[in-house]
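We name chains A, B, ... by the order of the sequence lines, and we start the count at 1 in each one.
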There are 2 protein chains.
Amino acid sequence: MRRDPWQALADPTRRQIIEVLSKSPQTVNTIAENFAISRPAISKQLKILEKSALVTIEKQGRERVCTLTLAPLQEVQIWVQQYEAFWLKKLDKLDDYLKKEG
Amino acid sequence: MRRDPWQALADPTRRQIIEVLSKSPQTVNTIAENFAISRPAISKQLKILEKSALVTIEKQGRERVCTLTLAPLQEVQIWVQQYEAFWLKKLDKLDDYLKKEG
DNA sequence: AATTTGCGTAACCAATCGGTTATATTTATA
DNA sequence: TATAAATATAACCGATTGGTTACGCAAATT
């Protein structure tokens with residue numbers, strides 16, 4: 001049941017978890033301290049992030065250390081960049097047009 | 001009821017609609033031809049895209065012409081790029097470390 | 001050995017999602 | 001003017017989402 005990074009990033013809480021983990025790897029409880037919702041809710045979101053390969057969870061004693069993996073963001077970035085290119089091309093065409101007609 | 005672009009982009013059908021519209025503005029039916037799902041389903045998705053400002057829908061006679069607006073993608077791109085920077089910085093640190101210790 | 005800590009899991013719930021079919025409305029066409 | 005075309009809207013539906021509380025269990029602490 002592999003997860004689509006788009007779907008994983010759709011939720012603001014999950015994006016915030018990523019933000020928190022970008023400072024450093026952290027345990028589940030430490031992450032949860034940043035949020036108003038319950039710890040099991042955070043656990044669930046972490047599992048979703050894990051399934052989309054954005055986070056790896058490593059057992060260390062009774063704690064679980066969560067680490068960010070940014071690789072899946074590439075898919076998103078490439079998709080967006082493709083449209084950035086399209087966008088710039090369109091601007092170029094407009095530019096050409098204005099130069100010819102102007 | 002303004003929509004989050006992240007949430008709008010979470011659905012693969014909606015991303016595909018964006019792809020279709022990136023060729024040129026199109027009417028609802030023309031868009032729908034690209035998909036196996038019903039036309040009302042496409043209408044719904046278009047409305048979601050409209051609410052997140054990714055698409056504008058203009059009435060022209062009995063047709064509605066849908067045009068792509070890529071501006072909201074900037075929010076996504078900036079968010080992702082911020083982590084690209086983080087990622088590169090981390091690689092730099094690793095590089096420094098390896099040079100010192102190596 | 002008993003207790004506390006850190007976490008997962010299960011059961012539940014209301015809201016939202018993404019689709020459907022049926023119907024209504026407006027505009028173009030014969 | 002009757003009809004066809006393009007589309008929206010409503011009512012409905014099952015699945016998913018994102019949260020909750022209650023409970024269980026292994027590891028650390030006392």
Given the options A:Leu68, A:Val55, A:Thr67, A:Pro25 meets side chain to side chain contact (heavy atoms under 4.5 Å, CB included) only with A:Thr67

Tested for side chain to side chain contact (heavy atoms under 4.5 Å, CB included) against A:Leu54, the lone hit among A:Leu73, A:Thr69, A:Leu21, A:Ile48 is A:Leu73

Taking [atom1] from [X] and [atom2] from [N], how many angstroms apart are they, rounded to a whole number?
X	N	atom1	atom2	answer
A:Ile37	D:dT20	CD1	C1'	11 Å
A:Gln45	D:dT17	CD	C1'	9 Å
B:Lys51	C:dT16	NZ	C1'	13 Å
B:Asp11	D:dT17	CG	C1'	14 Å
B:Asp4	D:dG18	CG	P	12 Å
B:Glu50	D:dT9	CD	P	10 Å
A:Gln16	D:dG18	CD	P	14 Å
A:Leu9	D:dT17	CG	C1'	16 Å

Between [X] and [N], does any side-chain N or O lie under 4.0 Å from OP1 or OP2?
X	N	answer
B:Ser43	D:dA8	yes
A:Thr13	D:dG19	yes
A:Ser38	D:dT20	yes

Could you check B:Glu63 against A:Lys44 and say which one's nearest nucleotide on DNA chain D is further toward the 5' end? B:Glu63

The answer to which of A:Lys59 and A:Arg14 contacts DNA chain D further toward the 5' end, by nearest nucleotide, is A:Arg14

Quick check for you: among [options], whose closest atom lies nearest to any side-chain atom of [X]?
X	options	answer
A:Pro40	D:dT7, C:dG6, C:dT9	C:dT9
B:Asn29	D:dA6, C:dT9, D:dG19	D:dA6
A:Arg64	D:dG19, C:dG8, C:dG19	C:dG8

Is B:Arg62 side chain donor-acceptor paired with the D:dT7 base, going by distance under 3.5 Å alone? no

Quiz item: A:Arg39 side-chain donor-acceptor pair to C:dG8 base, under 3.5 Å: yes

Looking across every strand, which nucleic acid part, if any, lies under 4.0 Å from A:Gln7 by heavy atom: base, sugar-phosphate, or nothing? sugar-phosphate

Check whether more than 12 heavy atoms from other residues, nucleotides or ligands sit under 6.0 Å from atom CD of B:Gln74, and answer yes or no. no

For the residue pair A:Trp6 and B:Trp6, categorise the inter-ring angle as parallel (less than 30°), tilted (30 to 60°) or perpendicular (more than 60°). tilted

Take B:Glu75 and B:Asp4 through the side-chain contact (heavy atoms from CB on, under 4.5 Å) test and state the conclusion after the steps. CA-CA 10 Å; B:Glu75 183 180 332; B:Asp4 180 359; 4.3 Å; yes

